[in-house]
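Let me begin by presenting the structure, written as structure tokens, before commenting on it.
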Amino acid sequence: MLNRVSTYFYRRPRLVLAIFLTPPILYMLVVYLGSLFSLLINGFYSIDDFTGIIVREFTLRTYAQTFNPANREIFLRTASMAAIVTVVDAMLAFPLAYYIAKFASRRLKTWLLIGVTIPLWSSYLVRVYAWKLILAKEGILSWFIDLFHLTGVLDWLLSFPAIGGSSLSLSPIGMFIVFVYIWLPYMIIPIQTALERVPASLLEASSDLGAKPFQTFRNVILPLAFPGVVAGSIFTFSLTLGDFIVPLTLGNSKFFVGQAVFSYQGTGGNIPLAAAMTMGPVLIMVVYLLIARKLGAFDAL
Amino acid sequence: MLSKSSDTRPKASWALTLAALGTLLFLHVPMWIIFLYTLTPEEATYTFPLPGFTTKWYGVALQRPDLWRSLTLSFQVAAIATAAALILGTFAAAAVYRSNFFGRESISFLLVLPIALPGIVTGIALRTAIGGLDIPFSFWTIVIGHATFCVVVVYNNVLARFRRTSATMIEASMDLGANSFQTFRHVVLPNIATALLAGGMLAFALSFDEVIVTTFTAGQQTTLPIWIFSQLSRPRDRPVTNVVATIVILITFLPIFFAQKISAEASDTEGEMK
């Protein structure tokens, strides 16, 4: 009996393919793409200013609203944060990625990679929470800063209205530190992957031809690692752009995109505006991905 | 045999080693600090150095019924989402591996979208869709949301393993008279078993921790991450939160660790075979 069933399927590979493919594709198309589509549509609805009820009629008003000065400022603030976080992550990630790819023994490499991937997979929320403890006014970081008599410097930094706040745990500086920390593993892995592909003979050739270590680094390693940096930046940029947990936890009253979306749909009950606002990050990411593909980042993923 | 390749490696300068070590510590030390704070007797602030040592918060946390409920809920959600991801992800991987068909390249893209786009996009998209269809937010809406981004993890692991498994083994099995089911049971399954395990464990960890999508797809349900999230903005039970955060780290650490170990060993044996 089983043999006959088996033969039946063996002779019909297309049928087997259909059986395998239908559940996942159906699920992703209906649930995921369906939802994305509904999101897009919702942005074309609007909210009645007096009753707060969603008007399900086509309008461009809500999308236009995302361009008002307040929302433009939110986009600009979020994009600048995402850009700075990306640059700093790349600088922090490079030495470790370089070490793993080119200097670590095989055994050490396995362990270092596990050491990088554990934070990548482990609880994002708990990792944010850890910084709540560290950055607290009476917390561990303040204690160290005090130990080195740098409290004055910290207070001076916090006094700037654009980046400061009442304490590190309630300031853009704090948010910046946490963003850098949270997304760092996403930058290390692609750079390491890219560096792994640089053959050792290339570096030897460079030094044989008389290049100093720094020249080799500048003219051989860095250009070859660049696609990896771009690949990593896709994550660090995109994830910072859409995050609302960090701004909500460590930010002040100045909104970031994710936080704005969260509050529009939650307390505001304005789902159309929230939907329209999320299209901002989506659009930015699509453009970013297209540029990244041009720069060869997808080969490093 | 293994050490040969490492002998020829150049030695890193001390500056590079120091910088690499610094980054590694930066990644890990913050998580240890949570553990440190579970031992503080101080209830209201995060004073450092700790004014003393106590282990009483573990007892206090374990006696909180709301925490047990959240923990159970998170386990159930993660278990079902993982099961769904295992089935859907393996099916998709099998289809992509065994045949060429129109749109094959788009499958990976479609599956990776939920983790490539910011979580808030997935979250609010699901919320508008579920709300638009007048489906009440429930346990199952959380599971549906989690499954969307867990599938890709299983898919990637299983597909990578399929690509390493040589197709001749399957042919040999069939030639020796095994039918498709026997071949699956005795040849394919043992081959992909550890990949399923690794993918499943990562999917479990991913679902167990997830908060962004969950805030949009949950109704009144409080998963463990949602409980922690509520403590982040309105801290009331600081010591208990520290204990819960530590528990979450422990629960997710082991599956992640073993999944990474399995993947690392799989690529290692591949390297040796070459």
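Side chains are part of it too, since the values below use all heavy atoms of this structure and drop only hydrogens, waters and symmetry mates. Sequence lines set the chain letters: A, B, ... in the order given, protein chains first and strands last, and positions in each chain run from 1.
Using a 4.5 Å heavy-atom cutoff, the side chains of Ile25(A) and Ile107(B) are in contact. Taking 4.5 Å as the limit, every side-chain heavy atom of Val261(A) sits out of range of all side-chain heavy atoms of Val121(B). Under the 4.5 Å side-chain criterion, counting only non-hydrogen atoms from C-beta, Leu248(A) is in contact with Phe229(B). When side chains are defined from C-beta on, Ile212(B) does not count as touching Leu125(A), because their heavy atoms never get closer than 4.5 Å. Using a 4.5 Å heavy-atom threshold, the side chains of Leu126(B) and Tyr32(A) count as separate.
What you find for Phe20(A) and Ala95(B) is that their closest heavy atoms are CB-CB, 3.9 Å. Taking all atoms of both residues into account, the shortest heavy-atom contact from Ala129(B) to Ser38(A) is N-OG, 3.2 Å. Met28(A) and Pro114(B) make their closest contact through CE-CG, 3.6 Å (heavy atoms, listed as atom of the first residue, atom of the second, distance). Taking both residues in full, the closest heavy atoms of Ala130(A) and Pro30(B) are given as CB-O, 3.4 Å, listed atom of the first, atom of the second, then distance. Here the shortest heavy-atom pairing between Ile124(B) and Ala274(A) reads CD1-CB, 3.5 Å. Between Ser35(A) and Thr128(B), the shortest heavy-atom contact is O-OG1, 4.2 Å.
Separation of atoms NZ (Lys261(B)) and CH2 (Trp111(A)) is listed at 4.5 Å; rounding is to 0.5 Å. Annotation: the span from Leu88(B) atom CG to Tyr27(A) atom OH amounts to 7.0 Å, rounded to 0.5 Å. From Glu138(A), atom CD reaches atom CD of Glu42(B) across 8.0 Å, with rounding to the nearest 0.5 Å. The distance from atom CD1 of Ile118(A) to atom CZ of Phe253(B), rounded to the nearest 0.5 Å, is 4.0 Å. Summarising the geometry, atom CD1 belonging to Ile256(B) is positioned 9.0 Å from atom CG belonging to Leu120(A); distances are rounded to the nearest 0.5 Å. Interatomic distance, OG of Ser123(A) versus CD1 of Ile247(B), reported as 12.5 Å (0.5 Å rounding).
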Verdict with reasoning, Thr23(B) to Tyr99(A), per side chain to side chain contact (heavy atoms under 4.5 Å, CB included): CA-CA 11 Å; Thr23(B) 305; Tyr99(A) 187 88; over 6 Å; no
Between Asp209(B) and Tyr124(A), is a side chain to side chain contact (heavy atoms under 4.5 Å, CB included) present by the stated rule, with each step listed? CA-CA 7 Å; Asp209(B) 291 333; Tyr124(A) 149 83; over 6 Å; no
Residues Leu133(A), Leu36(B); criterion side chain to side chain contact (heavy atoms under 4.5 Å, CB included); working and verdict: CA-CA 10 Å; Leu133(A) 305 179; Leu36(B) 185 72; over 6 Å; no
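Heavy-atom distances place no part of Ala259(B) under 4.5 Å from chain A, backbone and side chain included. Residue Pro49(B) touches chain A through both its backbone and its side chain, counting heavy-atom pairs closer than 4.5 Å. Only the side chain of Thr215(B) comes within less than 4.5 Å of a heavy atom in chain A; its backbone stays farther off. With a threshold of 4.5 angstrom between heavy atoms, Leu113(B) approaches chain A through its backbone and through its side chain. Using a 4.5 Å cut-off between heavy atoms, Tyr37(B) touches chain A through its side chain atoms alone.
For Tyr10(A), the OH atom is loosely surrounded, since the number of other residues' heavy atoms within 6.0 Å does not exceed 12.
By number of non-hydrogen pairs under 4.5 angstrom with chain B, the leading residue of Leu40(A), Leu17(A), Thr278(A) is Leu17(A). Taking Thr117(A), Ile114(A), Ile188(A) one by one and counting their heavy-atom pairs under 4.5 Å with chain B, the maximum is reached by Thr117(A). Most heavy-atom pairs under 4.5 Å with chain A, from the set Thr252(B), Leu24(B), Ile249(B), Leu202(B): that is Leu202(B).
Of the possible polar contacts, none joining the Tyr98(A) side chain to the Ala20(B) backbone as a donor-acceptor pair under 3.5 Å is found.
Between the side chains of Asn242(B) and Tyr129(A), at least one donor-acceptor pair of N or O atoms lies under 3.5 Å.
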